[in-house]
Undergrad: 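Once you've had a glance at the structure underneath, I'll fire off some questions.
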Amino acid sequence: MRILFVCLGNICRSPMAEAVMRDLIEKRGLSREIKVDSAGTSNWHVGELPHKGTQAKLGEYSISTAGMLCRQLKSSDFIEFDYIVGMDASNVDNIREMLNQPDDTKIFRFLDITPHQKDIPDPWYTGDFQETYDLCFEGCEALLEKVLADKK
Ligand code: 4NP
């Protein structure tokens with residue numbers, strides 16, 4: 001099973017979700033079964049490390065960002081991944097347009113699988129990386145349960 005998290009810049013929210021999910025998967029001994037990656041709809045930060053705020057927040061929870069570099073979403077991602085998870089509604093609109101997939105259900109908004117049913121606020125603008133971490137953590141726990149249930 002392969003999961004792709006997508007945001008606008010691929011430096012704040014989607015790398016946070018990727019690192020949190022990989023950590024959960026490693027702790028559950030599922031690294032061979034479930035692969036995780038992230039991408040941005042824009043090309044503004046391609047090749048850059050995750051944002052300092054994302055790195056620092058993950059560091060507080062001893063979660064590594066080693067080897068993570070920003071990349072842009074590409075057409076082959078639709079074939080490569082089973083779950084394509086946008087951080088907010090505009091990400092989902094942009095993913096659908098870029099991948100030319102108006103209604104495939106493997107593309108969805110992250111927190112729609114949780115009771116929150118809302119966007120992950122963008123810390124690039126809010127500066128609140130704790131809120132992003134907390135929501136990503138909750139979303140990742142829900143997504144892991146969903147992936148495992150879907151696999152049965
Ligand atoms: P992200 O946040 O989509 O969570 O990575 C942003 C990062 C960069 C910019 C906007 C949002 N930017 O305007 O460069």
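Every number for a ligand or one of its atoms is a count from 1 in the order of the listing. Residues take their numbers from the sequence shown, with the count starting at 1.
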Undergrad: Out of all atoms in ligand 1, which are within 4.0 Å of some heavy atom of Trp44? Include the element for each.
TA: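 Answer for ligand 1: 12 (N), 13 (O), 14 (O).
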Undergrad: For ligand 1, does His45 get within less than 4.0 Å through its side chain, its backbone, both, or neither, judged by non-hydrogen atoms?
TA: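 It is the side chain that gets close, since no backbone atom is under 4.0 Å.
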Undergrad: Mind checking whether Lys118 and Asp88 have side chains closer than 4.5 Å, heavy atoms only?
TA: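 No, too far: nothing below the 4.5 Å cut-off.
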Undergrad: Is there a polar contact, in the sense of an N or O pair closer than 3.5 Å, between Leu8 and ligand 1?
TA: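 Yes - when backbone and side-chain N and O of Leu8 are compared with those of ligand 1, one distance drops under 3.5 Å.
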Undergrad: Nearest to atom 2 (O) of ligand 1, what protein heavy atom do you find, and at what distance?
TA: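 Protein heavy atom with the smallest distance to atom 2 (O) of ligand 1: Asp122 OD1, 3.0 Å.
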Undergrad: Mark yes or no: Lys106 above the aromatic ring of Phe78, with NZ or CZ under 6.0 Å from the six-membered ring centre and no more than 45 degrees from the axis.
TA: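 Pair Lys106/Phe78 counts as cation-pi.
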Undergrad: Would a single hydrophobic cluster contain both Met1 and Leu4, if residues Ile, Leu, Val, Met, Phe, Trp and Tyr are joined by side-chain heavy-atom contacts under 4.5 Å?
TA: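 Unlinked, Leu4 and Met1 end up in two clusters.
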Undergrad: Report yes if Cys12 has an N/O atom closer than 3.5 Å to an N/O atom of ligand 1; otherwise report no.
TA: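 Yes: some nitrogen or oxygen of Cys12 is under 3.5 Å from one in ligand 1.
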Undergrad: In terms of the angle between their ring planes, are Phe108 and Tyr83 parallel, tilted or perpendicular, with boundaries placed at 30° and 60°?
TA: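 If you compare the ring of Phe108 with that of Tyr83, the planes turn out perpendicular.
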Undergrad: Just so I know, are the side chains of Val147 and Ile34 near enough to count as touching, which here means a heavy-atom distance under 4.5 Å?
TA: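 In contact.
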Undergrad: Would you mind checking which non-hydrogen protein atom is closest to atom 13 (O) of ligand 1, with the distance to 0.1 Å?
TA: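 Protein heavy atom with the smallest distance to atom 13 (O) of ligand 1: Trp124 NE1, 3.3 Å.
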Undergrad: What's the shortest distance from atom 3 (O) of ligand 1 to any protein heavy atom, and which residue and atom give it?
TA: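 So the nearest neighbour among protein heavy atoms is Gly9 N, 2.8 Å.
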Undergrad: Does the pair Asn10 and Thr41 meet the rule for a side chain to side chain contact (heavy atoms under 4.5 Å, CB included), with working shown?
TA: CA-CA 8 Å; Asn10 190 216; Thr41 55; over 6 Å; no
Undergrad: State plainly whether one hydrophobic cluster holds both Val85 and Val36, where clusters connect Ile, Leu, Val, Met, Phe, Trp and Tyr through side-chain heavy atoms under 4.5 angstrom apart.
TA: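 Val85 and Val36: one cluster.
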Undergrad: Hey, which atoms in ligand 1 end up nearer than 4.0 Å to a heavy atom of Tyr125?
TA: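 Answer for ligand 1: 10 (C), 13 (O).
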Undergrad: Identify the closest protein heavy atom to atom 4 (O) of ligand 1: which residue and atom is it, and at what distance?
TA: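 The closest heavy atom on the protein side is Arg13 NE, 2.7 Å.
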